Amino acid sequence: MMLAGSEPFTIESFYRHIGEGRLTAARCLRCDSTLLPPRPLCPRCLSADMEWIQLGGRGRVETFTVIHVAPEEFRDQVPYTVAIVKLEEGARITGQVKGVPPEEVEIGMEVEIKFEPPRAGAWPRWARYHFEPVEQSPEVS
Amino acid sequence: MKGRPLAAIVSAGMSRFGELEGKYSRELFSEAAREAFEGCPNLDPKRDIRGVFVGQMAGESFERQGHWGPVLADWAGLLPAPAIRLETACASSASAMRSAIFSLMSGMYDVVMAGGVEKMTHRATEEVAGFLGLGADHPFETFQGLTFPGLYALMANAHMHRYGTTEEQMAMVAVKNHRYGALNPKAHFQREITLEKALSSRAVAWPLKLYDCCPISDGAACLVLTRPELAGHYTDTPAYIVGSGHASDSIALQEREELTSLKAARLAAGEAYGMAGAEPGDIDVAEVHDCFTIAELIAYEDLGFCGRGEGGSMVEEGGTEIDGEVPVNVSGGLKSKGHPVGATGAAQAYEIFHQLRGEAGGSQVADAEVGLTHNVGGSGATAVINIYRRG
């Protein structure tokens with residue numbers, strides 16, 4: 001099995017990690033930028049020295065929409081919510097929000113990543129992810 | 001304004017916009033070219049036009065046709081002029097205009113054609129959504145189920161949350177642009193709508209509803225451009241391009257600095273204003289890229305017509321009506337005139353050309369001397385802004 005450190009910094013690698021239940025990004029070793037998606041060349045300082053980092057997968061909804069008119073591939077899911085989530089580590093990621101009715105999604109809502117297997121069909125047969133609201137702990141501290 | 005002209009527009013043509021059954025890109029482009037030729041009796045197109053620059057977004061998908069440069073030059077009757085096609089999603093024909101300007105400024109050519117075209121309405125709506133989605137990020141946007149209305153809805157929701165912009169204010173953009181589109185004989189929709197109708201239309205991508213979205217249209221537009229010092233050979237009333245700006249940004253919203261403004265548009269505007277020696281207050285008439293109503297409000301802010309977050313109140317107070325501080329989209333805009341994506345940038349210039357010549361009919365802005373076009377590709381990874389002055 002390939003060590004994470006020697007994997008190419010590509011979107012293919014990112015989605016392979018999603019298939020393994022991990023949310024990852026690249027960190028530029030020169031300017032410390034977090035790159036999500038990972039890239040082979042840092043767009044800020046042009047360095048090619050990267051390392052993989054694993055992200056916790058929690059964040060807050062920065063904005064969202066509810067899709068009612070969808071492309072063919074997603075038509076069976078309407079209406080569905082898509083959000084841009086600001087992760088605790090600072091990077092943003094786009095994904096669907098599931099496990100909550102669209103009308104209950106709010107900007108600022110705390111969410112966490114969940115992983116899904118790839119769907120059948122044409123390229124790309126990448127694994128998928130979505131977000132769900134963070135379960136509120138029932139205990140009162 | 002002290003800007004030195006970069007190029008002169010001496011003629012312009014545009015097909016009708018709308019559902020033009022049985023006509024494909026090449027025939028639509030012929031129609032636009034014919035109007036441009038007929039509008040300039042001193043031009044001998046076959047002798048004078050030495051280069052053709054065309055914008056087209058997704059003809060490979062829509063019409064199973066590529067290699068558009070020579071196809072469109074041929075259907076305009078301009079062979080063997082060298083012809084290239086440029087693609088920056090919905091800003092393709094503004095990009096074609098810029099390449100045309102560069103070819104004139106380099107001294108390579110004296111007279112060139114720039115234009116654009118798209119044929120869209122013959123395909124099913126789901127197919128069109130997929131083809132337009134090519135202008136968005138695949139791995140993190142369309143792969144996640146986002147659509148173009150969805151991308152602008154993400155910006156709309158962020159704008160509403162940050163500034164208190166309302167769905168009513170967005171609907172007011174649609175009402176305004178339909179009111180002017182009703183006066184434009186080439187517009188896709190030539191009818192007024194009410195605020196109630198806009199607000200009660202079905203959701204497409206909340207908070208955007210059907211009437212927040214521009215239609216799927218067919219159409220073509222083109223311009224004949226020359227070096228400023230040669231304009232007098234062709235017309236007494238050219239429109240000079242005195243400023244031109246273009247900037248790029250990350251294709252995915254998630255990698256942008258912010259979600260309530262298009263940085264590329266702000267940078268392109270700064271470049272164009274600087275070149276023209278102009279300020280936002282100098283603009284007498286503007287055509288902006290209202291692919292969705294929220295896009296027009298953000299355009300007001302990015303162009304400096306109002307402060308950040310004030311786009312909603314600007315439309316509500318009538319600041320962009322034909323008698324307002326800056327009349328915006330009095331052609332009907334993309335919203336009502338239509339948005340054949342590859343043609344839109346050239347169609348915006350067509351409108352400004354006629355405004356500055358006093359030929360804009362029912363939507364003529366009184367004594368328009370300085371005009372601006374704002375053409376956006378995708379969700380803002382491309383922005384092209386041109387400033388024009390009456391000759």
Side-chain angles (χ1 to χ4, degrees), chain A residues 10-12 14-15 18 33-39 43-44 59 61-87 91-98 102-103 105-108 116 118-119 121 123-131, chain B residues 123-134 136-163 165 201-210 212-213 216 248-260 292 294 379:
Chain A
T10 60
I11 288 169
E12 187 78 14
F14 171 89
Y15 275 107
I18 291 293
S33 294
T34 297
L35 305 179
L36 200 173
R39 303 176 182 220
R44 297 186 183 86
V61 171
E62 190 167 336
T63 186
F64 69 95
T65 178
V66 183
I67 304 290
H68 291 264
V69 179
E72 187 104 41
E73 189 193 346
F74 292 89
R75 224 183 327 176
D76 57 342
Q77 299 179 38
V78 294
Y80 57 90
T81 306
V82 185
I84 295 178
V85 173
K86 183 141 191 175
L87 298 166
R92 294 201 199 101
I93 185 168
T94 311
Q96 290 193 27
V97 180
K98 299 184 180 178
E103 59 275 15
V105 177
E106 289 179 349
I107 290 176
E116 301 175 32
R119 283 181 217 144
W123 179 89
R125 293 202 58 194
W126 293 332
R128 289 179 179 269
Y129 61 84
H130 65 264
F131 288 87
Chain B
R123 305 301 289 261
T125 303
E126 293 78 17
E127 289 180 306
V128 175
F131 301 159
L132 293 176
L134 297 170
D137 186 61
H138 172 256
F140 288 91
E141 292 182 335
T142 48
F143 184 67
Q144 303 299 336
L146 269 176
T147 57
F148 254 99
L151 291 164
Y152 278 90
L154 290 170
M155 290 189 253
N157 195 9
H159 206 273
M160 290 162 71
H161 184 78
R162 181 166 178 185
Y163 297 118
T165 304
S201 61
R202 65 187 164 84
V204 171
W206 184 90
L208 299 183
K209 295 165 282 294
L210 185 63
D212 289 300
C213 308
I216 294 163
S248 309
D249 202 351
S250 293
I251 189 167
L253 289 181
Q254 70 184 34
E255 294 191 81
R256 304 257 180 95
E257 282 175 16
E258 54 182 318
L259 303 174
T260 53
F292 300 94
I294 183 64
S379 65

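In what follows, chains carry the letters A, B, and so on, assigned in the order in which the sequence lines appear, proteins first and then strands, with residues in each chain numbered from 1. Computed from a predicted model, the values in this text were never measured in an experiment.
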message = Do B:Leu208 and A:Thr65 make a side-chain contact, defined as non-hydrogen atoms from C-beta onward lying under 4.5 Å apart?
response = no

Neighbour count >12 (heavy atoms, 6.0 Å) for atom CZ, A:Arg119 = yes

inquiry  = Does any backbone or side-chain atom of B:Leu253 lie under 4.5 Å from a heavy atom of chain A? Answer side chain, backbone, both or neither.
reply    = both

Side chain / backbone / both / neither for A:Tyr80 at chain B, heavy atoms under 4.5 Å = side chain

ask   = What's the spacing between B:Gln144 CD and A:Phe74 CZ if we round to 0.5 Å?
value = 7.0 Å

query = Out of B:Gly130, B:Pro139, B:Ala153, B:Ala129, which one racks up the most heavy-atom pairs below 4.5 Å with chain A?
reply = B:Pro139

inquiry  = Taking side chain as everything from C-beta outward and backbone as N, CA, C, O, which of these in A:Ile11 sits under 4.5 Å from a heavy atom of chain B? Side chain, backbone, both or neither.
reply    = side chain

message = Can you tell me which portion of A:Leu35 sits under 4.5 Å from chain B's heavy atoms? Options are side chain, backbone, both or neither.
response = neither

task = Identify which part of A:Pro124 has an atom lying under 4.5 Å from any heavy atom of chain B, answering side chain, backbone, both or neither.
result = both

B:Thr142 portion near chain A, given a 4.5 angstrom heavy-atom threshold = backbone

inquiry  = Quick check: closest heavy atoms across B:Ala205 and A:Ile67, and the distance to 0.1 Å?
reply    = CB-CD1, 4.1 Å

query = Mind checking whether A:Arg75 and B:Glu126 have side chains closer than 4.5 Å, heavy atoms only?
reply = yes

query = Parallel, tilted or perpendicular: which describes the rings of B:Phe143 and A:Trp126, with under 30° parallel and over 60° perpendicular?
reply = perpendicular

ask   = Distance from A:Thr63 atom OG1 to B:His161 atom NE2, nearest 0.5 Å?
value = 9.0 Å

query = Taking side chain as C-beta onward, heavy atoms only, is B:Thr147 less than 4.5 Å from A:Val69?
reply = no

inquiry  = Tell me the closest heavy-atom pair linking B:Glu255 and A:Pro37, and the distance in Å.
reply    = OE2-CD, 3.5 Å

note = Shortest non-hydrogen pair, B:Gln254 vs A:Leu36, comes out as NE2-O, 3.7 Å

ask   = Around B:Glu257, counting heavy atoms of other residues, nucleotides and ligands shown, do more than 12 lie under 6.0 Å from its CD?
value = no

task = Any chance you could measure A:Glu72, atom CD, to B:Thr125, atom OG1, to the nearest 0.5 Å?
result = 11.5 Å

Heavy atoms of other groups near A:Glu116 CD, more than 12 under 6.0 Å = yes

remark   = Between the CG atom in B:Leu146 and the CD1 atom in A:Ile84, the distance rounded to the nearest 0.5 Å is 7.5 Å

